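Data first, discussion second: the structure below is written as structure tokens.
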Amino acid sequence: MDTAHRVQRLSRILRILFTIVLITIPVIQILFWMFFNRLPEEIVTRSLPIMVPIAALQDLPLSSRLLALGVNFISTAVVMACVYYLIRLFMLYEKEQIFTAENVGCLRVLGRLLIVLFFADIVESSLLSVALTLHNPPGQRMITFGLSSDEMTTLLFGIVVVLIAWVMDEGRKLQEEQQLTV
């Protein structure tokens with residue numbers, strides 16, 4: 001089996017896998033918030049990107065859970081866009097289009113989306129703390145702000161992917177110039 005065929009085959013598998021992930025992400029988010037009050041405490045504390053006292057998370061009313069779901073979709077939408085561009089990228093690899101402008105464009109957008117995700121995660125965690133404690137009486141409501149190594153890693157990956165797209169675009173331009181040279 002030659003390399004091109006292996007790349008096509010692996011790209012097809014990854015495209016299918018990421019398509020399943022794209023469909024699954026919003027379903028999991030909706031189920032998480034709809035059944036939030038019935039989830040074991042360990043799942044809740046590991047799943048939330050913020051540190052809210054567990055007493056604030058007990059039996060959230062439907063309005064708070066719906067608000068939290070809406071807030072949670074800030075970063076979820078960005079992640080879904082990232083997955084969409086990964087699907088497009090692997091579609092191109094499936095068609096053996098490696099050094100094309102469209103391929104570079106997918107990588108560039110993917111890198112930029114990762115940078116946007118950095119900011120979206122910060123905003124989301126602050127708004128989520130408000131959404132989860134809004135039903136509490138005055139004096140027991142919270143707003144948090146935090147920056148973790150996860151956000152910094154996302155920012156770093158975004159910058160690296162944008163740089164890789166830039167280098168690939170330069171390589172693509174050189175390849176096109178070389179092909180036009182007689």
Side-chain angles (χ1 to χ4, degrees), residues 1-34 43 46-50 66-128 131 145-180:
M1 184 183 293
D2 66 325
T3 305
H5 185 67
R6 284 189 301 213
V7 168
Q8 275 184 312
R9 186 169 176 255
L10 183 57
S11 296
R12 184 177 312 108
I13 291 168
L14 288 172
R15 178 183 54 81
I16 292 167
L17 177 69
F18 282 121
T19 301
I20 292 167
V21 167
L22 185 66
I23 294 165
T24 306
I25 289 172
V27 172
I28 290 172
Q29 289 293 327
I30 291 167
L31 290 173
F32 177 82
W33 288 109
M34 290 302 101
I43 291 176
R46 272 190 264 143
S47 300
L48 292 177
I50 59 169
L66 289 174
L67 184 59
L69 174 63
V71 167
N72 208 205
F73 262 97
I74 294 170
S75 65
T76 299
V78 179
V79 168
M80 289 175 67
C82 287
V83 172
Y84 170 77
Y85 277 95
L86 283 171
I87 292 168
R88 285 187 57 187
L89 188 64
F90 287 116
M91 261 189 227
L92 293 170
Y93 290 162
E94 246 184 290
K95 297 175 186 173
E96 295 184 25
Q97 295 178 12
I98 308 297
F99 292 104
T100 64
E102 191 177 358
N103 184 299
V104 171
C106 282
L107 276 175
R108 186 178 296 121
V109 170
L110 185 59
R112 289 177 180 164
L113 283 170
L114 288 171
I115 293 169
V116 168
L117 184 58
F118 164 77
F119 295 104
D121 281 343
I122 294 169
V123 169
E124 179 186 294
S125 66
S126 294
L127 291 176
L128 196 54
F145 178 81
L147 188 63
S148 72
S149 60
D150 291 345
E151 283 93 10
M152 296 306 295
T153 302
T154 301
L155 178 64
L156 180 64
F157 278 142
I159 292 168
V160 168
V161 172
V162 169
L163 178 63
I164 289 170
W166 183 22
V167 170
M168 281 187 67
D169 197 34
E170 292 302 313
R172 179 192 61 80
K173 289 175 187 174
L174 287 171
Q175 183 182 21
E176 285 177 1
E177 285 177 17
Q178 197 174 38
Q179 288 174 345
L180 294 173

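Values in this document were obtained by computation on a predicted structure and should not be read as measured data.
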**Item:** Whether over 12 other heavy atoms sit under 6.0 Å from F73 CZ
**Value:** yes
**Request:** State, yes or no, whether a side-chain contact exists between L86 and R15 at a heavy-atom distance under 4.5 Å.
**Result:** no
**Complete:** All heavy atoms of V78 vs all of A120, minimum pair found to be CG2-CB, 4.3 Å
**Prompt:** Is the shortest heavy-atom distance from the side chain of I122 to the side chain of F145 under 4.5 Å?
**Reply:** yes
**Message:** For E94, is there any backbone N or O sitting under 3.5 Å from a side-chain donor or acceptor partner on Q8?
**Reply:** yes
**Prompt:** Just wondering, do N103 and F99 contact through their side chains at under 4.5 Å, heavy atoms?
**Reply:** no
**Fill in**
Taking every heavy atom of V83 against every heavy atom of F18, the minimum-distance pair comes out as CG1-O, 3.2 Å
**Message:** Could you check whether E151 and T154, counting side-chain N and O atoms only, form a donor-acceptor pair closer than 3.5 Å?
**Reply:** no
**Request:** State whether R172 and E176 are salt-bridged, where the test is any N-O pair (Lys NZ or Arg NE/NH1/NH2 against Asp/Glu carboxylate O) under 4.0 Å.
**Result:** yes
**Item:** Approximate separation, where rounding is to 0.5 Å, of T153 OG1 and F118 CZ
**Value:** 10.5 Å
**Fill in**
What one should report as the nearest heavy-atom pair of M80 and I25 is CG-CG2, 3.9 Å
**Item:** Heavy-atom closest contact (L110 atom, C82 atom, distance)
**Value:** CD1-O, 3.5 Å
**Asked** What heavy-atom pair brings L69 and Q29 nearest, and what distance separates the two atoms?
**Response** CD1-O, 3.7 Å
**Request:** State, with a plain yes or no, whether a side-chain heavy atom of L163 is found less than 4.5 Å away from one of W166.
**Result:** yes
**Message:** Looking at every heavy atom in both R112 and V162, which two are closest together, and how far apart are they?
**Reply:** N-CG2, 3.7 Å
**Prompt:** Roughly how far, to the nearest 0.5 Å, is CG of L14 from OG1 of T19?
**Reply:** 10.5 Å
**Asked** Are side-chain heavy atoms of R6 and T3 found at a separation under 4.5 Å?
**Response** yes
**Asked** What's the spacing between I115 CD1 and L156 CG if we round to 0.5 Å?
**Response** 10.0 Å
**Message:** Working to the nearest 0.5 angstrom, can you tell me the gap between F119 CZ and L155 CG?
**Reply:** 6.5 Å
**Prompt:** Atom CG of L10 and atom CG of L17: how far apart are they, to the nearest 0.5 Å?
**Reply:** 10.0 Å
**Prompt:** Could you state the interatomic distance from CG (L117) to OG1 (T76), rounded to the nearest 0.5 Å?
**Reply:** 9.5 Å
